[in-house]
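First up is the structure itself, then whatever we jot down about it.
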Amino acid sequence: MSKHILDLIQQGEHQELDFKFQVNDAKKIARSVSAFSNADGGRLLIGVKDNGRISGIRSEEEYYMMETAASLFCKPPVEFEAIHHRIEGKQVLEVVILPQENRPILAPDPDGNYKAYVRSDDENIVADDILLSVWKMERDKKGAFIRYSEAEKQILDAISEMPGVFLEELKFHVDLKYSVLRKVLINFVLTGIIKLTVHPDGSRFWVNETSFKEEYDNNFNRKNTK
């Protein structure tokens, strides 16, 4: 099992892996639990420094702190798996958190306000309005409706020309009210026509090449040939 942990450490921190020297603040660690739960899941290695050096944990306190974070400071509570490893004479706690279907999982920010966090590379960031709306519609099992009007065409054209465009940039490249832009983006994300990725500076949007070409040809190019 030690090889498993050493292989993980070799990867460095990333979207699905975070190192913690120690856990002494249940509210703070709850934000990591929220972020992993709302994204693709992941692992916390407690007793490992940011540089990958194994420091070890000294007691069961870290486990109980994790339990408090996941059960009391995450809304709704999150289940996790905890595995103890002995490496180089030191104890490392591996915490496995699975992605949750009932997103968003909320956790308190530094001011005590509950927010939804999501993992972006090796950072935990607050989910924005677009992502929260997508999760709500997924949770409520509401279908997406797309009309393929000029608004949809403007948005698809802009995102295909500027892959990875930030929401704030997109606002300036389409002649649409934000309420219309927001609604269309949510529907496109729900149907898989565009992909949303999170970033510390906001949501970014990319076209799903296969779906985009098919939808564009069927709904816009066909109109132009009539």
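Using modelled atom types, no side-chain atom of Asp128 and backbone atom of Gly202 make a donor-acceptor pair closer than 3.5 Å. The closest donor-acceptor contact from the side chain of Glu123 to the backbone of Ser120 lies at 3.5 Å or more, if one exists at all. Listed for the Lys75 side chain is no donor-acceptor partner under 3.5 Å among the backbone atoms of Tyr114. Distance alone, capped at 3.5 Å, is enough to place a donor-acceptor pair between the Ser34 side chain and the Ile105 backbone. The closest donor-acceptor contact from the side chain of Arg119 to the backbone of Ser32 lies at 3.5 Å or more, if one exists at all. Using a distance-only test at 3.5 Å, with no hydrogens or angles considered, no donor-acceptor pair links the side chain of Ser37 to the main chain of Pro99.
For the pair Glu168 and Lys171, the salt-bridge criterion is met [side-chain N within less than 4.0 Å of a carboxylate O].
Clustering ILVMFWY residues whenever any of their side-chain heavy atoms sit less than 4.5 angstrom apart, transitively, puts Leu44 in the very cluster that holds Val78.
Heavy atoms of other residues, nucleotides or ligands lying less than 6.0 angstrom from CD of Glu79 number 12 at most. With a 6.0 Å radius and a threshold of 12 heavy atoms from other residues, nucleotides or ligands, Lys90 has its NZ atom above the threshold.
Using a 30° and 60° split on the angle between ring planes, Tyr63 and His84 fall in the tilted class, from 30° to 60°.
Residues Lys115 and Pro104 fail the side-chain proximity criterion, which asks for heavy atoms closer than 4.5 Å.
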